[in-house]
Amino acid sequence: MAEHRTQMKIVGEILDTATQEIDEYEGTTITHIIRNANISHGRLSRILNNLVSQGLLEQVTSKRSYRYKTSPSGREFLAAYKTFREFSDDFGLTI
Amino acid sequence: MEFFLEIILNLVGLLVGLVIGTISYIGFKNTASPTLFRLSIAFFAIGIGFGILAAGFILDDFIFKTGDINRGISTLGVATQVVGYWFIAFSHTIRTFFPKSRYFRSIGAIPLFLVSFNYVENILRAVSFILLVYGAIETMLSYIQGRKKSTLFVAVGLGLLGFGEFIGWYSFVFPETVLYVTSIIVKIAGLISVGIPVSKIPLRKISFDENL
């Protein structure tokens with residue numbers, strides 16, 4: 001049975017993906033995030049806009065498309081998320 | 001001896017509850033996770049509940065000297081703990097526990113009143129027991145899925161707290177036996193077991209990891 005993912009978990013996976021650099025360009029493409037975070041394009045667009053407006057992601061303009069990279073505050077959030085994901089896992093709960 | 005053990009138990013409970021509650025709250029402030037918010041309310045309530053009971057025993061030991069905790073204080077302490085246990089159970093989606101049929105729901109409620117109709121405190125303890133058992137089972141299921149040792153410690157801890165409560169009931173039936181002391185020791189072991197995973201969490205500010 002497919003595991004139900006919370007919004008928090010999806011955000012964590014998106015930020016985690018956006019910290020990776022897949023080629024010589026800065027940031028990650030939407031296609032790469034869709035593959036890694038396993039999320040539909042429509043839903044991802046809404047979450048990306050939200051994360052950019054909150055300053056957790058930075059939008060980088062590349063040659064033909066937008067790319068996204070995790071901002072310093074996004075990296076701090078990601079570090080906290082990973083720590084407390086472990087903590088809530090200890091209680092058998094999903095963050 | 002029993003009074004001394006009760007004070008130790010409740011002080012350990014106060015400490016464990018406040019530490020886990022504080023860490024959960026720090027987590028909530030950092031991530032805005034509703035799960036961590038519920039967990040912080042749960043453990044603050046459990047810690048405060050134990051603290052109220054500890055205060056009750058200490059007050060009686062040093063001031064009132066009646067040989068028993070004030071019933072009002074103990075009811076307040078137990079009620080506060082029940083709120084905490086409820087939040088833990090709620091985090092595991094408690095609605096899946098209760099039978100959906102109204103008939104079965106009424107049958108399920110009868111034993112609570114048969115066992116302890118006389119005292120609100122005993123009813124609350126019965127509710128605590130149910131919530132603890134539910135929390136322990138759900139946490140054990142999570143352990144079976146993830147095979148994470150610290151989850152097992154929490155599951156065993158919640159189970160021991162419930163088992164301690166259960167033995168505590170028997171001490172009403174067989175007073176002046178070793179059961180009461182055993183129940184307190186089992187509960188202390190449960191609290192320590194629940195607190196073990198917390199030792200891995202740093203109580204300093206979360207800093208940026210350069211390797212991310």
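The chains referred to below are lettered A, B, ... by the order of the sequence lines, with proteins before strands, and numbering in each begins at 1. It should be emphasised that the depicted structure is a prediction, and the values quoted were computed from it without experimental measurement.
Around CZ of B/Phe163, the count of heavy atoms belonging to other residues, nucleotides or ligands within 6.0 Å does not exceed 12. The 12-atom threshold is not exceeded at OH of A/Tyr66, counting heavy atoms of other residues, nucleotides or ligands nearer than 6.0 Å.
Taking non-hydrogen atoms and a 4.5 Å limit, the residue list of residues 149-157 of chain B in contact with chain A, ordered by number, reads B/Ser150, B/Thr151, B/Val154.
In terms of heavy atoms, B/Thr35 sits closest to A/Thr94 at OG1-O, 2.8 Å.
Just one residue in the list B/Ser24, B/Ser33, B/Pro197 forms a side chain to side chain contact (heavy atoms under 4.5 Å, CB included) with A/Phe87, and that residue is B/Ser24.
Contacts between A/Glu86 and chain B at a heavy-atom distance below 4.5 Å involve backbone atoms as well as side-chain atoms. Of the atoms belonging to B/Phe37, not a single heavy atom falls under 4.5 Å from chain A.
Remark: B/Thr31 OG1 to A/Arg85 CZ distance equals 12.0 Å, nearest 0.5 Å. The distance from atom OG1 of A/Thr83 to atom CD1 of B/Ile23, rounded to the nearest 0.5 Å, is 11.5 Å. A distance of 9.0 Å separates CZ in A/Phe77 from CG in B/Asn30, rounded to the nearest 0.5 Å. Here CG of A/Leu93 is found 7.0 Å from OG of B/Ser142. Values are rounded to the nearest 0.5 Å.
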Check your understanding: Hey, mind stepping through B/Thr139 and A/Phe91 against side chain to side chain contact (heavy atoms under 4.5 Å, CB included) and telling me if it holds?
Key -> CA-CA 6 Å; B/Thr139 314; A/Phe91 289 88; 5.7 Å; no
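Most heavy-atom pairs under 4.5 Å with chain A: of the set B/Ile20, B/Val194, B/Leu141, this distinction falls to B/Ile20.
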